[in-house]
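Structure record follows, encoded as structure tokens.
All ligand and atom numbering here is 1-based and tracks the order in the structure. The first residue of the sequence shown is numbered 1, and numbering continues consecutively from there. Atoms considered below: every heavy atom in the structure, side chains included; atoms not considered: hydrogens, waters and symmetry mates. These numbers were taken from a predicted model, which means no experiment stands behind them.
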Amino acid sequence: MTSILILNGPNLNLLGTRQPEVYGAATLEDVERMCHDAAKTLGMTVECAQSNHEGILIDQIHAAKSSHAGIVLNAGAYTHTSIALMDAIASVELPMIEVHLSNIHRRETFRHKSFLAQVALGQICGFGAFGYVLALQALAKHLTTS
Ligand code: DQA
């Protein structure tokens with residue numbers, strides 16, 4: 001069965017309590033449960049991981065090459081700073097969808113730049129936790145039509 005890596009970056013372990021007015025009330029556990037449920041209806045499976053450390057995220061992207069057909073990535077603030085994460089995605093050549101709970105384009109200017117966007121299949125932002133479900137739907141469509 002097609003397996004997708006759901007990878008969350010720094011501070012996303014604090015979802016639910018971290019600025020709920022910006023990121024919503026859902027916890028990371030809620031988000032991961034939604035992903036498992038959505039994957040099931042799409043005939044896929046997901047593995048969920050989160051790290052606050054850039055190098056660990058890079059290792060997880062490298063490891064995904066041999067075990068997953070695609071990646072849903074919310075890299076948190078590393079989105080706006082990390083050429084290393086961008087290179088990791090480019091290196092593994094897996095389809096990746098970039099997700100943000102908040103609409104980064106309506107926020108501070110420094111959040112408008114994403115190094116990941118240029119190696120992403122697409123970007124989904126502003127729909128809260130539902131964005132992960134949308135990303136899984138988009139990946140399922142991509143993987144069955146490409
Ligand atoms: C975020 C947006 C980033 O700018 C921020 O640093 C995060 C979360 C989001 O999901 O909206 O940590 O990726």
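- Residue pairs meeting the salt bridge (Lys or Arg N to Asp or Glu O under 4.0 Å) criterion with at least one partner in residues 100-114, sequence neighbours excluded, are E108-R111.
- Between L101 and L12 the shortest side-chain heavy-atom distance falls below 4.5 Å.
- Here's the thing with S102: one of its N/O atoms is less than 3.5 angstrom from an N/O atom of ligand 1.
- Contact atoms of ligand 1 toward H80: 3 (C), 4 (O) (distance under 4.0 Å to a heavy atom of the residue).
- By the 4.5 Å heavy-atom criterion applied to side chains, D37 and K40 are not counted as neighbours.
- For ligand 1, the polar-atom distance check finds no N/O of I104 at less than 3.5 Å from any of the ligand's N/O atoms.
- Residue, atom and distance of the protein heavy atom nearest to atom 1 (C) of ligand 1 are H100 ND1, 3.7 Å.
- Counting heavy atoms closer than 4.0 Å to ligand 1, residue E108 contributes nothing at all.
- Of the residues I61, I4, I6, the one that meets the side-chain contact (heavy atoms from CB on, under 4.5 Å) test with I71 is I61.
- In this structure, the protein non-hydrogen atom closest to atom 5 (C) of ligand 1 is R111 NH1, 3.3 Å.
- Residue V22 does not touch ligand 1, judged by heavy-atom distances below 4.0 Å.
- Counting protein heavy atoms only, atom 8 (C) of ligand 1 is closest to Y23 CE2, 3.5 Å.
- Between R18 and ligand 1, at least one N/O pair is under 3.5 Å apart.
- Within the 4.0 Å heavy-atom shell around ligand 1 one does not find T79.
- M1 belongs to no hydrophobic cluster with other residues, because no ILVMFWY side-chain heavy atom falls under 4.5 Å from its own, directly or through intermediates.
- The closest protein non-hydrogen atom to atom 9 (C) of ligand 1 is L101 N, 3.4 Å.
- Considering backbone and side-chain atoms together, V99 places no N or O closer than 3.5 Å to any N or O of ligand 1.
- Residues E54 and S82 have side chains that bring a donor and an acceptor to within less than 3.5 angstrom of each other.
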Q.
With side chain to side chain donor-acceptor pair (under 3.5 Å) as the criterion, how do T79 and E98 come out once you've worked through the C-alpha distance, each side chain's angles and the decisive distance to 0.1 Å?
A. CA-CA 9 Å; T79 303; E98 176 184 349; 4.7 Å; no
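- A salt bridge links D30 with R33; the closest basic N to acidic carboxylate O contact falls under 4.0 Å.
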